Amino acid sequence: MKTIGIADTNFARYDMASSAIDELYKTGTGFTIERYTVPGIKDLPVACKILFEDYKCDIVMAFGMPGPMPVDKMSAQIASTGLMEVQLQEKKHIIEVFVHEDEADSDDMLAWLCDSRAREHALNAYYLIFDREKLIENAGMGLRQGFPDKGPVGG
Ligand code: RDL
Ligand code: RDL
Ligand code: RDL
């Protein structure tokens with residue numbers, strides 16, 4: 001039995017974690033889920049560390065929504081750097097699922113983007129711990145999460 005950690009925020013305007021959890025349960029079995037919700041993205045790195053060390057997670061998904069202002073972009077950079085540091089300390093993956101609020105032109109589109117990016121990265125997290133070969137099959141295929149895939153170039 002593996003444990004998948006789910007870290008998310010109150011700041012985000014969409015419940016991406018619930019989309020991901022729904023997708024994980026549709027995809028397979030053999031795991032339990034530990035969820036840890038924090039106020040905002042800068043609180044995610046330590047939440048992930050706690051999920052690894054105290055809750056023995058095998059992988060963690062970190063969901064966050066950076067706002068549109070320069071201060072938010074700086075917060076996103078700081079949060080992301082912290083998430084990288086925790087991954088290297090723990091030698092385990094954190095799938096960073098950030099949707100920048102200004103990636104979408106409307107609230108409806110933002111909701112769609114959050115749901116679809118969360119679901120697509122849930123599959124990435126699942127396959128990274130259960131069937132890593134699946135990602136090799138898609139190497140170089142120009143995959144994106146949320147927006148349409150770009151596809152490969154050349155031969
Ligand atoms: O530790 C408490 C807060 O500092 C922390 O939750 C921050 O991540 C909150 N926050 C900001 O302070 C900010 O300027 C967030 C953003 N911007 C943001 O764009 N998205 C967040 N939090 O999730
Ligand atoms: O941990 C899951 C993702 O956060 C991670 O795979 C990112 O590297 C994906 N990614 C971005 O989030 C992004 O904004 C990528 C790019 N840009 C990029 O330009 N090239 C990538 N990934 O390979
Ligand atoms: O060049 C267009 C997009 O690739 C670009 O807008 C990306 O940065 C969008 N993006 C993020 O901003 C992000 O924080 C993506 C991800 N995360 C992601 O995980 N997967 C994406 N795009 O495909």
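All of these numbers come straight from a predicted model, not from anything done at the bench. Just follow the structure's listing: the first ligand is 1, and inside any ligand the first atom is 1.
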*Checking Ser80 side chain against Ala76 main chain: does a donor-acceptor pair fall under 3.5 Å?*
no

_Under 4.0 Å to a heavy atom of Gly67 - the qualifying atoms of ligand 1, by number_ = 18 (C), 19 (O)

*Keeping the roles fixed (side chain from Asp15, backbone from Ser18), state whether a donor-acceptor pair exists under 3.5 Å.*
yes

*With backbone taken as N, CA, C and O and side chain as the heavy atoms from C-beta onward, which portion of Met65 lies under 4.0 Å from ligand 1: side chain, backbone, both, or neither?*
backbone

*Output yes when a side-chain donor or acceptor of Arg117 lies under 3.5 Å from a complementary backbone atom of Phe98, and no otherwise.*
yes

*Do the ring planes of Phe31 and Tyr25 sit parallel (below 30°), tilted (30 to 60°) or perpendicular (above 60°)?*
parallel

*asked:* Among all the protein's non-hydrogen atoms, which is closest to atom 8 (O) of ligand 1, and how far away is it?
replied: Lys42 N, 2.8 Å

*Tell me which protein heavy atom sits closest to atom 11 (C) of ligand 1, plus the residue, atom name and distance to 0.1 Å.*
Ser75 OG, 3.8 Å

*Is it possible for you to say whether Val97 and Leu135 belong to one hydrophobic cluster, with membership spreading through side-chain heavy-atom contacts below 4.5 Å?*
yes

_Residue and atom name of the nearest protein heavy atom (relative to atom 23 (O) of ligand 1), distance in Å to one decimal_ = Ile41 N, 2.9 Å

_What I want to know is whether Pro66 and ligand 1 share at least one N or O pair that is separated by under 3.5 angstrom._
no

*Run down the list Asp43, Val38, Val46, Asp72 and name the one with the heavy atom closest to atom 2 (C) of ligand 1.*
Asp43

*Quick one: look up the protein heavy atom nearest atom 4 (O) of ligand 3 and list residue, atom name and how far away it is.*
Arg144 NE, 4.2 Å

_If the cut-off is 4.0 Å to any non-hydrogen atom of His100, which atoms of ligand 3 fall inside it?_
12 (O), 14 (O)

_Closest protein heavy atom to atom 9 (C) of ligand 2, given as residue, atom name and distance to 0.1 Å_ = Gln145 OE1, 4.9 Å

*Any idea which protein heavy atom is nearest atom 3 (C) of ligand 2, and the distance to it?*
Glu96 O, 3.4 Å

*Is it true that Tyr14 and Phe147 fall in one hydrophobic cluster, defined by side-chain heavy atoms closer than 4.5 Å?*
yes

*In terms of residue, atom name and distance, what is the protein heavy atom nearest to atom 22 (N) of ligand 3?*
Arg117 NH2, 3.3 Å

_Same cluster (ILVMFWY, side-chain, under 4.5 Å), Ile4 and Val60_ = no

*Please name the pair of heavy atoms, one in Gln87 and one in Ile94, separated by the smallest distance, quoted to 0.1 Å.*
OE1-N, 2.9 Å

*By number and element, which atoms of ligand 2 are closer than 4.0 Å to a non-hydrogen atom of Ile95?*
1 (O), 2 (C)

*Atoms of ligand 3 less than 4.0 Å from Phe98 heavy atoms?*
13 (C), 14 (O), 17 (N)

*Look up atom CD in Glu53 and atom CD in Gln89, then write down how far apart they are to the nearest 0.5 Å.*
7.5 Å

*Counting distance only, does the side-chain N/O of Asp43 pair as donor-acceptor with the main-chain N or O of Gly40 below 3.5 Å?*
yes

*asked:* Taking Leu51 as the starting point, is it possible to reach Ile33 by hopping between hydrophobic residues whose side chains are less than 4.5 Å apart?
replied: no

_atom 13 (C) of ligand 3 within contact range, any protein heavy atom under 4.0 Å_ = yes

*N or O pair under 3.5 Å between Phe11 and ligand 1*: no

*Who's the nearest protein heavy-atom neighbour of atom 19 (O) of ligand 3, and how far?*
His121 NE2, 2.8 Å

*Nearest neighbour in protein (non-hydrogen) for atom 6 (O) of ligand 3*: Glu103 OE1, 4.2 Å

